[in-house]
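Here is the structure we will look at, set down as C-alpha cells.
Please read these numbers as outputs of a predicted model, since none were measured by experiment. Side chains included, hydrogens not; waters and symmetry mates left out as well; all remaining heavy atoms used.
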Amino acid sequence: MNGARLGTWTWPRRLAAWAIARDLQTFVVPDARLARGAGLDLAAAGLRPVATPRHATVLVVVGALPEELAIAAAIAHVQMPRPRAILAVGSPSTPGLPEPDVAAPLGQEALRVGVATLRRVLAAGAFAPDVEVAESAAVQTRTEFVCPMHPEIVKDEPGICPICGMDLVPRETAGETSPHTRGHGGMDAHAEAPDRPETAGDAYTCPMHPEVVQPEPGRCPMCGMNLVPREDAVARSQPGHEATPMAVYAGHEPAATARVSHAAHDVDHAEHDAHAAAMPDERPIDHAMMGHGDMGQQTPMGLQTASHVAMNHGEHANHADMAMTGSEADATMPEMDHAAMGHAGMEEGMMDHSMHGGFMSMVAMTERLPRSADGLPMEWIEAPFGPLFPGLPGGLDVTFTLDGDGVAAAAATVATARGVEATWLAPTETFPDRLAGVDPLAPVAYRLLARRALEAAAGVEIDQSIAYARVRDAEWERVGSHLGWLAEFGALIGDQWVADRAAELQIAVVRLTSEPAAKLIREIRTFASAVARAPLIARRLAGIGTTAPNVAESVSGPVARAAGIATDARLEDRWYRALGFMPSVREAGDALARLHVRLAEIGASLDLVLAADGYRGEGPDPTLSAHLSGAGRATVETPRGEARLRIVVEHGSVVEARLESPSTALIRIVPDVSVGEEVADALVAVASLDLSPWEVTP
C-alpha cells in the first residue's frame, strides 16, 4: 500500500492529515472555566485544552467577545502553528478574527457535532498548497528601534540609547501606537533635543539632570545625553580660566556622597594661592590630572583631596595659571602614578569620560534608579500578564513592575468592557435576564438580584417555597463557581489532580438541574476535604498575598472572610437565618485562608441546598404590573461577595440602574496582595482573589 494514491494524496499523507485532525489541542478564549460554566465538557467532545496557543491546533471561542478581548484572541490565533482552525461556540461570528471554520450553538451535543465537522475540515486542509492569510489590525507589525540594554528606550527611527550610548537595534512590533513614553517622562525631551537650534551665549544643560550646566555643547557626564541650550542661564566664563571638560555643578550635592561647601573650597584655594606665591619655583599641580576620591580619602600621594564635584571653578580666575599639561606633570613628578591614583569612591559620572575611553561608571548609570529592598539600584521593568494568561480569569489584564524577580508595583484592568449597562434600561419583563448577562460566571445570582430589586420597587413579598427555591439555586451555583475557580487555581499552582478533578465536578454541578444526586454531593465533600488536608498546598500558599485589615474591610465575600471579617449578605436574609446559616471565617488573610474559606463554603452550601430542598416549591415568580413605577434596591451574596443594585422603574420600564459588584472592589486590591511578592507568588495572590473581569464596572 506504500506509494498508493487516493485522489491526489498518497496514503502516508492522508494518514498524517487524519492524525492532525485527531489530536485537537485547544486554546480556549476567554478561558476553560467559562466553557465549563456553560456546561461544555471539551475533553468529552474530543478537545484537549492547552495553556499556550503555540501548542494548539484549534482556537475555541466561547460566546461573543468584547473588542479588547477579540484583539487578544487575534494575537493568540496568529501564534498557532498551521494547520489551525477556529471553532466558535455560542456565537455565529468572531469579529476581529477570521471567519470561524465551524460554528456551533451552546450545548454538549452541538459541540460534539461541531468537533466532528472540524476534524473533516482539518483533514482536508492539512496539506493544502495555498492557505488564506489571516488579516487583523491587531497583528500587523511595524519596525521600531530599541536599546539592547535598556528595553524601555523605544524609538521609531535608528539612533543611540540616551542612557548607555549603544546603537538602537530594530525589532518588529504589533499595533499602530508609538510607545515612546513608556512612563519615562524626560526621555521624550531628550529625543527632541538634537533638533533644537544652538544659540550663541546659551548655557547647555541635560534634560534629565538640570544641575549639569556647561558653556558649550556636549554630553551629560551622568547619563550620556546630548546637552541642550538652557536659555534662562548665562555661561560663566572668567578671564584667564580655561574651560574644563568637567561639568560645572551649581550647588548639586547628592546625599549619597559627602561634599565640601563652596566656602570651604574657597578657603582651600586661598591657601593654595598663598602657597604658590610663597614658593614661586615649585611647579603647580594640575587639579585636572589628580585623583579625586571621596573627601577625606587618602590618595596614593598621601594628599587629602576634596571632590571636584562640589567645586565651582568659575569662581577662581587664577586657577588656570596653575594648570600644566600631563607631560609637564610627569616630568616634574615622575614618581606620581596617575593610573594608580584612579578615582576611588568618586562618582565617575562627574568626570570627563573622554579620559576613560568613553567608559561610564555603574555608579553614575544607576545613581537615580530606584533602590530595591536590599538597597541595590535596579532597572525596573514592566511585565504584563493577560488578558489570556493561564490561571488568571480570562479578560483580566495584570501588569507587574518587576524589581528583579520581586513585584515593586502592580496594576490591573479588564478587557471585558461590553457596554451592557445600556441594555439594562428596558421593560421590566426582560430585565432579570439582561442583568444575568453581566457575569457569565454567576448568572443565577444576578438574575436573583434583579428580581429582588423589582419586587422591592413593587412592594411584593414572596412566599416560603419560592424563597427556598432561590436559596437552593444560589447555593448550587456557589458550589459550581468555587469548583471552577479551584480548577484554574490548581493548574496555576501546579497540582494537576486538583485541576482535573475540580473541573470534572464543576461540569457535573452545572449540568444537574434536578434534585442533587447524593453520590455527587458525597464526591464533592470528599474532594474538598482532601484538598483542605493537602500539606504541599498549605506550604505553597501560606503567607502569600496577605491582606491587611484595612484592605480586607474594603472588600466583601471570601476574601474579607478569610481575613477575619464576618461580612455576608446572607446574614440579613431571614430565609437563610431560618436554615441556621453562619459564614465561614479564617484569620490569616492569605491565599491559603482564602482557599480554606471557599472549601468550607462548598460544604456549607451543600448543607443549605439539602435543607432548602425540603421546602422549595415549583411555583413561578410573582407577576409584576406592566405599569410598575417606583424605586427598589437589593443585595445578594454572589460567589465573590456582595452585589448591590438600585433601580428606578417608570411605567413598566427600568430607566435607571446602579450596580455595585464585588469584583469592582477586588480589582482595586491587586497591588495590595501582590507588591512585595516574587512574581510567581504574586500571580498566585491575584488568582486567589477569584475576581470576575465580567462584573467589573467603572
| said: Minimum heavy-atom separation for Ala35 and Val62, please, with both atom names. | reply: CB-CG2, 3.9 Å
| query | For Ser556 and Glu642, does a side-chain donor sit closer than 3.5 Å to a side-chain acceptor? | reply | no
| message | For the residue pair Arg84 / Thr57, report whether a side-chain donor-acceptor contact shorter than 3.5 Å exists. | response | no
| query | Taking only residues two or more places apart in sequence, or in another chain, which ones meet Arg646 in a salt bridge (Lys or Arg N to Asp or Glu O under 4.0 Å)? | reply | Glu660
| query | Would you say the side-chain atoms of Arg33 pair up with the backbone N or O of Glu488, donor to acceptor, closer than 3.5 Å? | reply | no
| query | Ignoring hydrogens and geometry, is there a side-chain-to-backbone donor-acceptor pair from Trp485 to Ala687 under 3.5 Å? | reply | yes
| Candidates Thr416, Asp439, Thr638 - the one meeting side chain to side chain donor-acceptor pair (under 3.5 Å) with Ser692 | Asp439
| note | Residue pairs meeting ring pair (Phe, Tyr, Trp, His ring centres under 6.0 Å), one or both in residues 391-415, sequence neighbours left out, come to Phe385-Phe400
| Test log, rule side-chain contact (heavy atoms from CB on, under 4.5 Å), inputs Tyr576 and Leu571 | CA-CA 7 Å; Tyr576 275 96; Leu571 290 172; over 6 Å; no
| task | Would you confirm whether the ring centroid of Trp575 sits within less than 6.0 angstrom of the ring centroid of Phe581? | result | no
| task | Answer whether the closest heavy-atom distance between the side chains of Ile647 and Arg658 falls below 4.5 Å. | result | no
| request: Looking only at non-hydrogen atoms, find the nearest pair between Ile667 and Ala412 and report the distance. | output: CG1-CB, 3.7 Å
| request: List the steps, then state whether side-chain contact (heavy atoms from CB on, under 4.5 Å) holds for Leu87 with Leu111. | output: CA-CA 9 Å; Leu87 172 59; Leu111 177 64; 4.0 Å; yes
| Using a distance-only test with no angle check, is there a side-chain donor-acceptor pair under 3.5 angstrom linking Arg533 and Ser529? | yes
| said: Given His482, which partner from the list Gln506, Glu601, Glu477 fulfils the side chain to side chain donor-acceptor pair (under 3.5 Å) test? | reply: Glu601
| said: Strictly by ring pair (Phe, Tyr, Trp, His ring centres under 6.0 Å), give each pair with a member in residues 533-554 just once, sequence neighbours left out. | reply: none
